[in-house]
Amino acid sequence: MNTTHAKTHRLEFAQSAPKAFRALIAFDAAAREGLDPALVELIQIRASHLNHCAYCLHMHTNDARKAGESEDRLHMVAVWREARHFFTEREQAALALTEAMTLVADAGVPDDVYEQAASRFEERELAQVLALICAINTWNRVALSTGKVAGTDER
C-alpha cells in the first residue's frame, strides 16, 4: 500500500471541543443575523476559495444553490473583478472586504477597501459582514486542520 497519500486520523472538532464548537456556531449565527442570505453565501464561498477549503466551498455552493443562487454567479465568484456585472455594488464591496480580511497578512485591510464597504453598508450591517468574514475564516481553518473532506457535510 502506498502510504505517501494515506490520510492520518484527525480529531472531530465538535466532539473534542464541544463548548468551542457551540460558541462558533453561535458566533456564526449572530454574524448572519439580518444579512441577505445570498450575500452570506457569496462571502463564505469567496473566503473558502482563498483558503483552499474544498469542504466549506462544497457546502456553501450547495447552500447557495438551494437558496436559489444562479450557476452563472456561482461560477463567477472566484473572478468577480472580471465579471462585476454579475454582482451588485454591495456584493462587490463585501467580496473585496472578504479578500482583504482573509488575506490580511499580505497587506492588512486597505483604507479604500474598508471605505468602499463602509459606503455600501450601514454601520450595523458592516459589523455583521466583518463578523461573518471572521466566522467563515475560522470554519475554513477548523475544516482544513481536521481534514474535512468535500462532500461529507452531515448537516
Side-chain angles (χ1 to χ4, degrees), residues 1-84 86-88 90-109 113 117 125-155:
M1 176 180 177
N2 180 353
T3 58
T4 307
H5 298 290
K7 190 165 188 132
T8 60
H9 175 71
R10 305 270 178 120
L11 64 81
E12 287 293 328
F13 184 74
Q15 294 170 358
S16 299
K19 279 180 82 172
F21 183 74
R22 286 191 306 271
L24 187 50
I25 288 173
F27 178 63
D28 185 90
R32 294 165 181 259
E33 197 171 295
L35 291 178
D36 174 21
L39 180 68
V40 168
E41 295 306 331
L42 292 176
I43 289 169
Q44 293 178 125
I45 289 166
R46 187 62 187 132
S48 297
H49 284 147
L50 295 169
N51 287 320
H52 300 253
C53 186
Y55 178 82
C56 293
L57 182 60
H58 183 264
M59 179 189 317
H60 293 297
T61 53
N62 281 339
D63 288 350
R65 282 184 192 93
K66 289 175 190 169
E69 188 60 79
S70 75
E71 288 297 319
D72 281 343
R73 282 176 31 108
L74 290 176
H75 291 296
M76 294 298 117
V77 175
V79 292
W80 68 269
R81 281 184 170 76
E82 291 77 26
R84 290 177 185 267
F86 282 93
F87 305 99
T88 68
R90 283 169 55 93
E91 290 168 341
Q92 291 175 43
L95 290 168
L97 187 60
T98 300
E99 290 177 357
M101 288 179 63
T102 301
L103 304 172
V104 71
D106 292 349
V109 177
V113 171
E125 290 177 305
L126 181 57
Q128 296 298 118
V129 168
L130 291 169
L132 181 66
I133 296 166
C134 290
I136 187 56
N137 274 283
T138 301
W139 283 122
N140 288 166
R141 282 151 177 76
V142 168
L144 290 165
S145 299
T146 59
K148 290 294 205 182
V149 175
T152 63
D153 176 30
E154 298 159 357
R155 293 176 301 149

Quiz item: How far apart are the closest heavy atoms of Ala47 and Ile136, and which atoms are they?
Solution: CB-CG2, 3.6 Å
Quiz item: Are Phe27 and Cys134 side-chain neighbours, meaning at least one heavy-atom pair lies under 4.5 Å?
Solution: yes
Quiz prompt | Cys56 side, atom SG; Ile45 side, atom CD1 - distance, nearest 0.5 Å | solution = 11.0 Å
Quiz item: Do Glu99 and Arg81 come close enough that some side-chain heavy atom pair is under 4.5 Å?
Solution: yes
Exercise. For the residue pair Tyr55 and Val149, establish whether any side-chain heavy-atom pair is separated by less than 4.5 Å.
Key: no
Show the atom names and distances, to 0.1 Å, of all donor-acceptor pairs under 3.5 Å that link a side chain in residues 33-42 to residues at least two apart or in another chain.
from  : atom 1 : to    : atom 2 : distance (Å)
Asp36 : OD1    : Ala38 : N      : 3.3
Glu41 : OE1    : Gln44 : NE2    : 3.3
Glu41 : OE1    : His60 : ND1    : 3.0

Exercise. Could you note down all residue pairs passing side chain to side chain donor-acceptor pair (under 3.5 Å) where residues 13-23 supplies at least one of them, sequence neighbours left out?
Key: none
Quiz prompt | Glu125 side, atom CD; Leu132 side, atom CG - distance, nearest 0.5 Å | solution = 12.5 Å
Self-check item: Minimum heavy-atom distance Ala83-Met76, with the two atoms named
Solution: CB-SD, 3.6 Å
Exercise. Looking only at non-hydrogen atoms, find the nearest pair between Leu103 and Leu50 and report the distance.
Key: CD1-CD2, 4.2 Å
Quiz item: With side chains defined as the heavy atoms from C-beta onward, is the minimum distance between Lys148 and Met59 less than 4.5 Å?
Solution: no
Exercise. Measure the shortest side-chain to side-chain distance between Leu126 and Leu97 over non-hydrogen atoms and say whether it is less than 4.5 angstrom.
Key: yes
Quiz prompt | Pairwise salt bridge (charged side-chain N to carboxylate O under 4.0 Å, His left out) hits with a residue in residues 69-79, at least two apart | solution = Arg65-Glu71, Glu69-Arg73, Arg73-Glu91
Quiz item: Under the side-chain contact (heavy atoms from CB on, under 4.5 Å) criterion, do Phe86 and Leu74 qualify, and how do the steps go?
Solution: CA-CA 10 Å; Phe86 282 93; Leu74 290 176; over 6 Å; no
Quiz item: Within the distance-only criterion (no hydrogens, no angle test), does the side chain of Asp28 pair as donor or acceptor with the backbone N or O of Leu24 below 3.5 angstrom?
Solution: no
Quiz prompt | N/O donor-acceptor pair under 3.5 Å between Thr61 side chain and His58 backbone | solution = yes
Practice problem: Mind listing the closest non-hydrogen atom pair of Val142 and Thr146 along with its distance? | Solution: O-OG1, 2.7 Å
Exercise. Calculate, to the nearest 0.5 Å, the distance between atoms CZ and CG belonging to Arg10 and Leu144 respectively.
Key: 9.5 Å
Practice problem: Give the C-alpha distance, both sets of side-chain angles, the deciding distance and a yes or no for side-chain contact (heavy atoms from CB on, under 4.5 Å) between Met101 and Val109. | Solution: CA-CA 6 Å; Met101 288 179 63; Val109 177; 3.9 Å; yes
Quiz item: Can a donor-acceptor pair be found between the side chains of Gln92 and Arg84 at a distance below 3.5 Å?
Solution: yes
Self-check item: From CH2 (Trp80) to CZ (Phe87), nearest 0.5 Å
Solution: 9.0 Å
Quiz item: Say you draw a straight line from CG of Leu57 to CZ of Arg46; how long is it, rounded to the nearest 0.5 Å?
Solution: 10.0 Å
Quiz prompt | Distance (rounded to the nearest 0.5 Å) between Thr102 OG1 and Asn140 CG | solution = 7.5 Å
